[in-house]
Amino acid sequence: MSGPLFGIVPAGQPLITEPTSTPSQTSILYALPTAKPFSHLVVFLLPSVALPDHTAAAIYLATASDVAAAAQSGATPNFRFLGAIGPGKESAMFKVGSASVASSGGLMIGISVEPADAVAQRLQELAADKTAASSSQQPTTAVLAQRIIQNAFNFLASFSGTAGPGGVEVVPLRAFEDWWRKFESRVRSDPSFLEKQSD
């Protein structure tokens with residue numbers, strides 16, 4: 001591969017087309033700027049650039065300090081697969097979450113031209129991982145119901161009293177109305193507060 005092939009634009013920053021290094025014929029490294037924070041970047045094929053048939057460009061992310069340490073020790077850097085671009089999808093936006101760019105010594109984007117089948121497999125695995133992570137973070141309906149009941153019980157317990165022969169435990173209806181009004185208000189101000197509540 002010769003000449004610039006890819007463009008990288010960290011959100012709010014200038015276009016990067018010149019690689020920092022080219023470790024092999026099929027892989028390129030780009031150092032991302034650290035002057036101001038960004039959380040997303042776009043990677044695209046430059047105009048008139050075509051990848052070899054049956055290939056795609058896999059996009060990877062690593063910290064610059066990890067890449068430098070790996071180069072010194074001869075180890076392989078710990079790159080995280082972000083996604084890919086190629087025929088039919090010549091550009092893509094990726095979330096990199098670079099709030100800690102300065103403390104990590106910066107970020108490196110690695111682009112590797114790989115067989116399209118292998119890249120497609122990685123994309124399927126990435127999508128499955130995201131789906132699993134998303135479903136594991138969402139509490140079930142039963143858990144949400146338990147949290148509502150627990151919230152009501154904790155509030156109403158302080159209004160509990162006794163009445164009648166044998167001292168039957170009672171809660172005034174007004175206390176339930178107060179709880180409901182406060183609960184509705186909290187749901188309006190923070191609809192996800194029950195999801196964030198720990199068990």
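Just so it is clear, the structure is predicted and the values come from calculations on it, not from any experiment. Positions are given from 1, in the same order as the sequence printed here.
Residues Phe81 and Leu126 are in side-chain contact: their nearest non-hydrogen atoms beyond the backbone lie under 4.5 Å apart. Between Val42 and Phe94 the shortest side-chain heavy-atom distance does not fall below 4.5 Å. Residues Glu90 and Phe44 form no side-chain contact, since every pair of their non-hydrogen atoms from C-beta on lies 4.5 Å or further apart. Residues Phe155 and Lys182 meet the side-chain proximity criterion, which asks for heavy atoms closer than 4.5 Å. Within the 4.5 Å cutoff, side-chain heavy atoms of Phe6 are placed close to those of Tyr30. Residues Leu41 and Leu32 are in side-chain contact: their nearest non-hydrogen atoms beyond the backbone lie under 4.5 Å apart. The shortest distance between side-chain heavy atoms of Ile28 and Ser112 does not fall below 4.5 Å. Annotation: side chain of Pro4 is in contact with side chain of Glu18 (closest heavy-atom distance under 4.5 Å).
Shown here is Phe159, whose CZ atom has more than 12 heavy atoms of other residues, nucleotides or ligands within 6.0 Å. Residue-environment remark: CG (Asp117) stays at or below the threshold of 12 foreign heavy atoms within 6.0 Å.
Between Pro33 and Gln13 the shortest heavy-atom distance is CG-OE1, 3.3 Å. Residues Ile111 and Ala57 approach most closely at CG2-CB, 3.8 Å, considering heavy atoms. For Lys95 against Arg80, the heavy-atom pair with the smallest separation is O-NH2, 4.5 Å. Scanning all heavy atoms of the two residues, the minimum distance from Pro52 to Val113 falls at CD-CG1, 4.3 Å. In plain terms, the two heavy atoms of Pro165 and Val168 that are nearest each other are O-CG2, 4.1 Å.
One finds the CG atom of Leu29 at 4.5 Å from the CE atom of Met108 (value rounded to the nearest 0.5 Å). Taking OG1 of Thr63 as the reference point, atom CG of Asn78 lies at 8.0 Å (rounded to 0.5 Å). Here CD of Glu114 is found 9.5 Å from OG of Ser27. Values are rounded to the nearest 0.5 Å. The structure places OG of Ser48 at 9.5 Å from CG of Leu5, a figure rounded to the nearest 0.5 Å.
When atom types are taken as modelled, the side chain of Ser24 and the backbone of Thr26 share a donor-acceptor pair closer than 3.5 angstrom. Thr55 places no side-chain N or O within 3.5 Å of a backbone atom of Pro115 that could act as its donor or acceptor partner.
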Legend entry - Criterion side chain to side chain donor-acceptor pair (under 3.5 Å) on Gln150 and Gln146, from CA distance to verdict: CA-CA 6 Å; Gln150 184 68 46; Gln146 289 171 346; over 6 Å; no
Legend entry - Steps toward side-chain contact (heavy atoms from CB on, under 4.5 Å) verdict (Leu82, Val96): CA-CA 8 Å; Leu82 294 179; Val96 295; 4.1 Å; yes
Legend entry - CA sep, side-chain torsions, deciding dist, call: Ile85, Leu45, side-chain contact (heavy atoms from CB on, under 4.5 Å): CA-CA 8 Å; Ile85 59 174; Leu45 282 166; 4.1 Å; yes
Inset, instruction - Given side-chain contact (heavy atoms from CB on, under 4.5 Å), test Ile149 with Asn151 step by step and report yes or no. - result: CA-CA 5 Å; Ile149 292 165; Asn151 185 287; over 6 Å; no
Legend entry - Evaluation steps, side-chain contact (heavy atoms from CB on, under 4.5 Å), between Thr17 and Leu46: CA-CA 8 Å; Thr17 58; Leu46 291 173; 4.1 Å; yes
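Cluster membership for Trp180 and Phe153, using ILVMFWY side-chain heavy atoms within less than 4.5 angstrom, is not shared.
Below 30°, between 30° and 60°, or above 60°: for Trp179 and Phe176 the angle between ring planes is between 30° and 60°, a tilted geometry.
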